[in-house]
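Here's the structure, in structure tokens; my notes come after.
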2 protein chains.
Amino acid sequence: MITLSEENYLKAIYHLERQMGGAVSTNAIADKMETKASSVTDMVKKLADKDYVIYKKYQGVSLTNKGNKTAANVVRKHRLWEVFLVEKLNFSWDEVHDVAEQLEHIKSPKLINELDTFLEFPTHDPHGDPIPDKDGNISKLDKISLSKVPLNDLCTCVGVIDSSAEFLKYLDKHKIALGTQIKVIEKESFDESMTIVIHDSELNISKTVANNIYVKTH
Amino acid sequence: MITLSEENYLKAIYHLERQMGGAVSTNAIADKMETKASSVTDMVKKLADKDYVIYKKYQGVSLTNKGNKTAANVVRKHRLWEVFLVEKLNFSWDEVHDVAEQLEHIKSPKLINELDTFLEFPTHDPHGDPIPDKDGNISKLDKISLSKVPLNDLCTCVGVIDSSAEFLKYLDKHKIALGTQIKVIEKESFDESMTIVIHDSELNISKTVANNIYVKTH
DNA sequence: ATATATTTTTAGACAAGTCTAAATTTTATT
DNA sequence: AATAAAATTTAGACTTGTCTAAAAATATAT
Ligand SMILES: [Mn+2]
Ligand SMILES: [Mn+2]
Ligand SMILES: [Mn+2]
Ligand SMILES: [Mn+2]
């Protein structure tokens, strides 16, 4: 039986593998998990013993098939619960993370199947992230960062990269949500800030904000 | 912060206090938790340090106000989740226990409040057990065991004592559910089995079965 | 009241998960 | 290629929760 801690490590490795590519370093895991490198080494050995990861001393780790499937299932649960919280329990998208972090560890295949059905098989979570299917496959939407969109092309917000409560509340304040239409009308070259049009009004956003918004162009 | 294990011990003590009355013995807790008496002693000391219980060596434990409220809240969460699973996710009453056992430990006041609202403030769980309110108060229904009902009095099934999957499936098989009307028409004195009428047909049930059904008389 | 049985506690051990500090290996720099 | 810096691992310790075996306290029976 897999422990809660092992699941959290697998999930971190899963996200890092996807983000970077290639083997994941001990320090990268330690950073993401907010723990110490020595703790990571210990855990990574256990995960290797249980065939969740391939680990070679000093060379980082990568998920096995088994590890990838297990991690994807935790992510699936996390995102399905987020949808539940927002759609059914009146949570806003900046309130769901900590609760989903707990709920993702509940063990019951029937529960997650029924939840999926109850929610009518959602494909994305409230932050625009895709929900892995039962086999761990995820749909890859061709989304790009708002900072890379050409001037005057109309695009639609389809996700966020930073999903911290602070950032999400900033977006709420400026009425930027999933599905919101955005057009970039000006870019400042000295600080890479930009002026965008949303809901027929202009807004100036920083490079950081633009970097953390995913859009789809039409 | 209270741990998962501490919550489980508090819940066990809560149920035992209610069942017996007076201080709860180390062995009684060990039995209910399926653990060893020495483990109970260790944990009970921790709970006393944290003011959840009063503990005097060799004299058993009793919950403090704080302990009672904390335990009742775990029970509240357990039962609300059970309602959710049955009402919204197509679980049957014999499938909910293990999942609720996990879900009861999720920490989020907003979650449980919203769940309560979503379920339209249920007062009883799928086994007929009352759901404590936010302050830990529970409604006391005047229910009695079916084995104590006089002959030929019509009564209604309002709960079960044993809520094991085996017993619940037995009840399902014989179409006994919460709300089912029952009339006892005969009692065998030698083994205390009885003949009851449900849905216009006769059924013979053992003393054990009768003992584990709660009914309300009219 | 004394002996016996039962219950409860203590002592010492172990696994999981984490940490600090030191040692080792790898990588980068001169 | 030698040295310095950074990353990683090891060694040893600590906490939580559990266990077994032995000791102590309480309850029961003669
Ligand atoms: Mn988690
Ligand atoms: Mn999300
Ligand atoms: Mn539990
Ligand atoms: Mn129940």
Side-chain angles (χ1 to χ4, degrees), chain A residues 1-14 16-17 19-63 67 70-71 74 101-102 104-105 107, chain B residues 1-14 16-17 19-63 67 70-71 74 101-102 104-105 107:
Chain A
M1 184 78 308
I2 193 166
T3 68
L4 185 146
S5 206
E6 288 169 344
E7 285 191 339
N8 280 334
Y9 274 94
L10 285 182
K11 192 176 61 147
I13 297 166
Y14 175 90
L16 289 167
E17 251 188 8
Q19 201 172 96
M20 320 301 190
V24 178
S25 77
T26 302
N27 269 357
I29 300 169
D31 274 9
K32 172 150 279 204
M33 303 274 303
E34 296 182 14
T35 184
K36 301 294 166 177
S38 55
S39 306
V40 174
T41 302
D42 287 346
M43 178 55 86
V44 147
K45 285 177 184 169
K46 286 175 208 159
L47 293 174
D49 281 347
K50 294 188 175 184
D51 284 316
Y52 289 114
V53 300
I54 305 289
Y55 167 59
K56 287 212 207 84
K57 267 194 195 180
Y58 296 101
Q59 306 306 139
V61 292
S62 49
L63 293 172
T70 307
V74 175
E101 207 59 42
Q102 299 176 60
E104 72 190 2
H105 302 291
K107 269 135 194 114
Chain B
M1 185 76 310
I2 193 166
T3 68
L4 185 145
S5 207
E6 288 168 345
E7 284 191 340
N8 280 334
Y9 275 93
L10 285 183
K11 193 176 57 147
I13 297 166
Y14 175 90
L16 289 168
E17 251 189 8
Q19 201 171 98
M20 319 302 189
V24 178
S25 77
T26 301
N27 269 357
I29 300 169
D31 275 8
K32 174 150 275 204
M33 302 274 304
E34 296 181 15
T35 184
K36 301 294 165 177
S38 55
S39 306
V40 174
T41 303
D42 287 345
M43 178 55 87
V44 146
K45 286 178 185 169
K46 287 174 207 160
L47 293 174
D49 281 347
K50 294 188 176 184
D51 284 316
Y52 289 111
V53 300
I54 304 290
Y55 167 59
K56 287 211 207 84
K57 268 193 194 180
Y58 296 101
Q59 305 306 139
V61 291
S62 50
L63 293 171
T70 306
V74 176
E101 207 60 42
Q102 300 176 59
E104 73 190 1
H105 301 291
K107 269 133 196 118

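Being a predicted model, the structure only gives us computed values, none of them experimental. By convention in this document, chain letters (A, B, ...) are assigned in the order of the sequence lines, proteins followed by strands, and residues within each chain are numbered from 1.
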Shortest non-hydrogen contact from [X] toward [Y]:
X	Y	answer
A:A71	A:L63	CB-CD1, 4.4 Å
A:I2	A:E7	CG2-OE2, 3.6 Å
B:V53	B:V44	CG2-O, 3.9 Å
A:M1	A:E6	O-OE1, 4.3 Å

Got a list of protein N/O to nucleotides 25-29 of chain C N/O distances below 3.5 Å?
residue: C:dT25; atom: O4'; partner: A:Y58; partner atom: OH; Å: 3.3

Can you tell if the side chain of [X] reaches within under 4.5 Å of the side chain of [Y], non-hydrogen atoms only?
X	Y	value
B:E17	B:V61	no
A:H105	A:K11	no
A:Y14	A:V74	no
B:Y55	B:L47	no

Review point. Under the 3.5 angstrom rule, does the side chain of A:Q102 hit a backbone N or O of B:K107 as a donor-acceptor pair?
Key: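 At least one qualifying donor-acceptor pair exists.
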Revision key, fill the gap. 5' to 3', nucleotides 11-22 of chain D under a 4.0 Å protein heavy-atom cut-off (B base, S sugar-phosphate only, - none) gives ------BBBB--
Exercise for review: Compute the angle between the rotation axes at the two ends of the helix from C:dA1-D:dT30 to C:dT30-D:dA1, each taken over five pairs, rounded to 10 degrees.
Suggested key: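 For the helix from C:dA1-D:dT30 to C:dT30-D:dA1, the axes at opposite ends meet at about 10°.
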Point to revise | B:K50 NZ to B:T3 OG1 distance, which is reported to the nearest 0.5 Å | key: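 Those atoms lie 6.0 Å apart.
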Exercise for review: May I ask you to list the residues of residues 24-31 of chain A, by number, that have any heavy atom positioned under 4.0 Å from an atom of DNA chain D?
Suggested key: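 Residues of residues 24-31 of chain A that come under 4.0 Å of DNA chain D are, in numerical order, A:S25, A:T26, A:N27.
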Exercise for review: Verify the contact: side-chain N or O of A:Y55 to OP1 or OP2 of D:dT8, cut-off strictly under 4.0 Å; return yes or no.
Suggested key: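 A:Y55 to D:dT8 OP1/OP2: no side-chain N or O under 4.0 Å.
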For residues 22-41 of chain B, dump all side-chain donor-acceptor pairs below 3.5 Å to protein atoms at least two apart in sequence or in another chain.
residue: B:S25; atom: OG; partner: B:A28; partner atom: N; Å: 3.1
residue: B:T41; atom: OG1; partner: B:A37; partner atom: O; Å: 3.2

**Study point:** With sequence neighbours excluded, residues passing side-chain hydrogen bond (donor to acceptor under 3.5 Å, both in side chains) with B:K57
**Key:**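 Result, side-chain hydrogen bond (donor to acceptor under 3.5 Å, both in side chains) vs B:K57: none returned.
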